[in-house]
Amino acid sequence: MCITQLIWRSSPVFEKDPKASKMNYDFNNIEQKWQDYWAKNQTFKASNHSDKPKYYVLDMFPYPSGAGLHVGHPLGYIASDIYARYKRHKGFNVLHPQGYDSFGLPAEQYAIQTGQHPAITTETNIKTYRRQLDQIGFSFDWSREVRTSDPNYYKWTQWIFIELFESWYNLETDKAESVDTLITKFTSEGNADVKAVCDDDIATFSSEEWQQFSSEKQQEILLKYRLTYLAETEVNWCPALGTVLANDEIVNGVSERGGHPVVRKKMTQWSMRISAYAERLLQGLETIDWTESLKESQKNWIGKSVGSEVKFPILSFPQGEAKAGSDNRPGYMTGGNNSHLLLERAKEMRANPTQAEAALWECLRSKKIEAKFRQQHLIGDFIVDFVCLDKGLIIEVDGKIHENQIEEDQKRTERLENDFYKVVRFSNEEVLGNTDAVLKTIIAELEQLESVKDKKHESEQHWSEQVLPLGKDLGWDIAVFTTRPDTIFGVSFMTLAPEHDLVSQIVTEGQKAEVDAYIKSTAKRSERERMADVKSISGAFTGAYAEHPFTKEPIPIWIGDYVLAGYGTGAVMSVPCGDQRDYDFAKHFGIPIPNIFDKVDISEAAYSSKDNVVITNSDFLNGMNYKKAAKRAIFELEKLGQGTGKTNYRLRDAVFSRQRYWGEPFPVYYVNGMPQMIDPKHLPIRLPEVEKYLPTEEGEPPLGRADVWAWCTETNQVVSNDQVNDTTIFSLELNTMPGWAGSSWYFFRYMEPGLSADGESKREETFASEEALSYWENVDLYIGGSEHATGHLLYSRFWVKFLKDREFVSIEEPFKKLINQGMILGTSAFVYGFSVGIKNINPKLEVPLNKIQRYIIPRESYLKGIEGNYDELILSLVEKHLSHYKDAGNVNIEWDLELSPFVPIHVDVTMVNSSNELDIDKFKSWQENFKTLQFVTNENGKYIVGREVEKMSKSKYNVVNPDAICEQYGADSLRLYEMFLGPLEQAKPWNTAGITGVHGFLKKLWKLYHQGENASFSVISSPPLEGLEEVSAEAFKTLHKTIKKVEEDIENFSFNTSVSTFMIAVNELTAQKCNHKDILEPLLILLSPYAPHIAEELWNKFGHAESISTAPFPKFEEQYLVESSKNYPISFNGKTRFTLEIPLSLTKEEVEKIVMAHEKTQAQLDGRVPKKVIVVPGKIVNIVG
RNA sequence: GCUCAAGUGGCGGAAUUGGUAGACGCGCUGGAUUCAAAAUCCAGUAACUUCGGUUGUGCGGGUUCGAUUCCCGCCUUGAGUACCA
């Protein structure tokens, strides 16, 4: 609902003297008159047929909110309106439409609260919006208006959705194609050679298999390729509200509204495969004229990174949890439940062998023995010194310590032998003293033992029959994406996102509790919260190990919430020496930080730069730089089949379902759980009626409450739910589309004339006709706020590229030039509260104290007070209260600082006049608890409020309503002032007091045209008289200077400076007493884009019957600005001291002569001889020395 | 943290290629007009000043005859974005 705010005026406003109105600038009447004229004559209606060149100016789609406009909103509209009007003067056929993005949450929220249908609320809001827009005098072509909530419009949004469903992305042609071409491929050759952007879990099938699949199976497969598809997505689910919340609707893990708990939940939702377009969305940025910062945001959002994907095999699984893994489990994985702990120890022992162990290992690994041995290997829960897995022979080398544990060793041997192993023991002395004998014994033992392969059939398989070669994809590896494959030898651990699918499978018994607790604690935190907290490092060890592709060393696998499940593979290879986050993590958990950078100190921090890197401690990568090493690492990984070069994008597929009522319904029904599209000829599928706009008790979206919401495939109509039989009548989709659906293509709809355009419109037959699309092409100028940088502006680019691929439109990019207007900030007003609190010194002596008295103190006292400096005023107030009690006999009291807060209080800006004086009475009666406030006023009995610049918002009571401004100063003043405030793209504070400047300018302009008797309109049109020639030369100079500057300014969107230029022109012409038609008439055209009403009125007084809107822009002529002399600044060592008027015709030498001869020069030099004199003709003279 | 902007009077801001810093407007001061006010008009308004000048565009350097403008380093503010591997 619109809240019209009253402006409190400190002084009487305009007296509307009927006699005076004839000659005075009566903006209210003038503006109403011309707004009516434009509407009646359809002055700004665009035509699709014109000899003129086309120009399309568009504002970002407004949502008609109930609060109405504040002065910040029209800023961009005024700028685009000026540009549109300027282009009309420049001879363009201009399309400048407006409409409403009228689906959305606020209306739904209001409906939930009041039961009022959102369509009604929306209609009311649009009326207010329209009235407010009209009164500012915009040159919109309203005949082409669109509303996203209009079934005639969303019919085509549904149609585009169907087209997306019927499309897949072919990487070979690099564009979207109809799924028909995909089905043809499947039928003839299967899917093995299909290169598409699709889900990554698709099994390969042949053409025969495809043909044998059931229809459902085929649909299921196709869904994985379609550009819009159903997928499980994790969402923030709030059970209490029965709805999904956006990240920013969650504060501290609970819903912003109501403070209910929020959980992450998987939900089947429609998604848009925008990721297919990642590269094209990135490349397209090069072709469009947008600001760098905006392009930067989109680049970051798309987040392209080039690197490689590496697979790390998982080294051990706890028994019984290795699910499908048991078949594939490599034979060398012989560890038991405690593998993860023992492996750490085994690794240590491998690194520090005893002398005897080292000696024997030398012999065993050399070619002297045929069989393959492993050292310090896990067998069950034991670490054995050496083992030949094929033959099941274990060799133990015992030091002195074993003399004391003969019993234990015996048990150990027994247990191992039970497991079909043969154990042979040697002492250190035996090994070192007679290695050859020991070897002989081992060879003899080996000959007696059967190979595992032969043993296989005998007993139940204890280990896998085949020792698989490393690096084969067994389905049990961790894939990571890295931009730094060159640092692969610096990996000392791996980190998985806590949500990673593998976590539950690899976690060991011993670590389970810790890991579960950690997962639970991170699940509570929202993604945003998790990401915002950079300082606290947290994680847990899974107990599992992965194998390094090159060194084959085990790498511990951790989980940590700094890794996000949604990005890349949800896992990272952690290189602490090269990545600060990995470094911090390693430091925190005491994980080793190997250095692989030559001559780089990593004792304090990681070295994350790719520049000046020389790789070391990295085997075959040693001595290489980043580029070479990365390339080589990928090459070697590919050889192993454990990695490949890859480009990754951050851009995720966009969720397209909303559990809301007030949005576009999907043209979708379900047969056996598979989504079916309704034939486009039956569109639109209208939003059904519901009795309540809340989710159902079962947690279904609001459409679950509709009684008539089923699809009959025989009558092709929406029918009652009772009739659902799942043979001919099926349930319809309950979700609705998101806000960005309708706004991703609306700019095309405007190209097609509105339905009111006498039979010309093809809006019924198509979303926009081919000829309209080819005539208007794309938006030439798009103006709006930067908040849409990564939402609307990315999604609409995506849809346009899709529509182009499917040949529905012919352009690749929707918005050629784009400007972000800066926000207009509010100037909040404050009073400063201070309460005197008094306490008993002896708490036992309860003496009743009066209520605390609250004061409003001046800003200066407040500012000192919060710093702890109490000025005289504060101290005297305190003293006054203390003595009050003391006089009453209570001496055991003192000032209580804690009960004496300094509090700034927002004041409604309408209670303050332009001199910052507060209307105290009004303030006191504003809120009940303000009544008793005592004001400390200045000597004039006034209270001066403090001012601070903040965002303009209702809650800060600093909203300024354009209605009030238009009433008091007029739309032209508002338009000029909004532009005058500062550069369009910058944020700037609004200060209503300043508007008197531009308003005064318009009055002065009015006067310039009314210099006749009784201030009547008076201009002369006869050629200039002889005596007046010089005067008119000055006037022409002013005019052409203005033409030049204003034209340049508009082209550069520097509207603030052109307002100054107008002021200068009017000031000059007033001083010249100029009243000549040849000057004053073209001046109006210059001004008309900015202040169209006054321009039309004065233009009309010149006798024109037509609107000024298409009058040709005056032509700038250089001749009027040619000067014969220049007032040269004469500077000494670069500092200007005085100026001299010197003819421009003179040469450098002549100028220098004149300057040097001048007495002021001599006085300035004071006898010194200048070293050098620099003369820049027409610019400056600089004397050095 | 990263990326991008931006730091100029009491305030909003101007100076478009390196060439008179503070245009234009607000506010403020003084004056005219008025019984008075509003409105209007005129004059002044960066700071310091011995009224000759001197200093001044966030800070410190540099390039240049000359720097708000170009370069290097730093500080501050704003916006966007974010453990993005």
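Side chains included, hydrogens not; waters and symmetry mates left out as well; all remaining heavy atoms used. Sequence lines set the chain letters: A, B, ... in the order given, protein chains first and strands last, and positions in each chain run from 1.
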Q: Identify whether any heavy atom of A:Thr569 sits under 4.0 Å from a base atom; if not, whether one sits that close to sugar-phosphate; answer base, sugar-phosphate or nothing.
A: nothing
(Q) So if I take every side-chain heavy atom of A:Lys1179 and compare against B:G19, B:G27, B:A21, which nucleotide ends up nearest? (A) B:G19
Would you list the protein and nucleotides 50-53 of chain B atom pairs, both N or O, that sit under 3.5 Å from each other?
none

Q | All ring-ring contact (aromatic ring centres under 6.0 Å, His included) counterparts of A:Tyr626, not counting sequence neighbours | A | none
(Q) Does B:A39 have its OP1 or OP2 closer than 4.0 Å to a side-chain nitrogen or oxygen of A:Lys1003? (A) no
Q. Per the salt bridge (Lys or Arg N to Asp or Glu O under 4.0 Å) rule, which among A:Lys1037, A:Lys1041, A:Lys1073 passes with A:Glu1068?
A. A:Lys1041
Q. What's the closest nucleotide to the A:Ala993 side chain, out of B:U16, B:C26, B:C84?
A. B:C26
Q: Determine the Euclidean distance between corresponding C1' atoms of B:C26 and B:G13; express it in Å to zero decimal places.
A: 11 Å
Q. Using a cut-off of 4.0 Å on non-hydrogen atoms, how would the nucleic acid contact of A:Glu985 be classed: base, sugar-phosphate, or nothing?
A. nothing
(Q) Suppose we define a pair by two distances each less than 3.5 Å, Watson-Crick or G-U wobble; what does B:A46 pair with here? (A) B:U55
Q. Can a side chain N or O of A:Asn1056 be found less than 4.0 Å away from OP1 or OP2 on B:A14?
A. yes
Q: Apply salt bridge (charged side-chain N to carboxylate O under 4.0 Å, His left out) to A:Lys295 and list each qualifying residue two or more places apart in sequence or on a separate chain.
A: none
Q) How far does the P atom of B:G1 sit from the matching atom of B:A47, given to the nearest Å? A) 38 Å
Q: Give, ordered by number, those residues of residues 1062-1071 of chain A having at least one heavy-atom distance below 4.0 Å to an atom of RNA chain B; if nothing qualifies, reply none.
A: A:Met1063, A:Ile1064, A:Asn1067
**Q.** C1' spacing across the pair B:U45 / B:C24, given as an integer number of angstrom
**A.** 15 Å
Anything under 3.5 Å between a protein N or O and an N or O of nucleotides 65-69 of chain B, put it in a table, one pair a line.
residue : atom : partner   : partner atom : Å
B:C65   : O2'  : A:Asn1182 : ND2          : 3.2
B:C65   : O2   : A:Asn1182 : ND2          : 2.7

Q. With rounding to whole Å, what would you report as the distance between B:G53 and B:C42 at their C1' atoms?
A. 30 Å
**Q.** Check ion pair A:Lys1044-A:Glu1118 (N to O, under 4.0 angstrom)
**A.** no
Q. Are A:Arg581 and B:C84 close enough that a side-chain N or O sits under 4.0 Å from OP1 or OP2?
A. yes
Q. Can you tell me if A:Thr827 and A:Asn991 form a side-chain donor-acceptor pair at under 3.5 Å?
A. no
Q: Select base, sugar-phosphate, or nothing to describe what A:Thr483 touches, counting heavy atoms under 4.0 Å on all strands.
A: sugar-phosphate
Every protein N/O lying under 3.5 Å from an N/O of nucleotides 7-12 of chain B:
residue : atom : partner  : partner atom : Å
B:G12   : O2'  : A:Leu981 : O            : 2.4

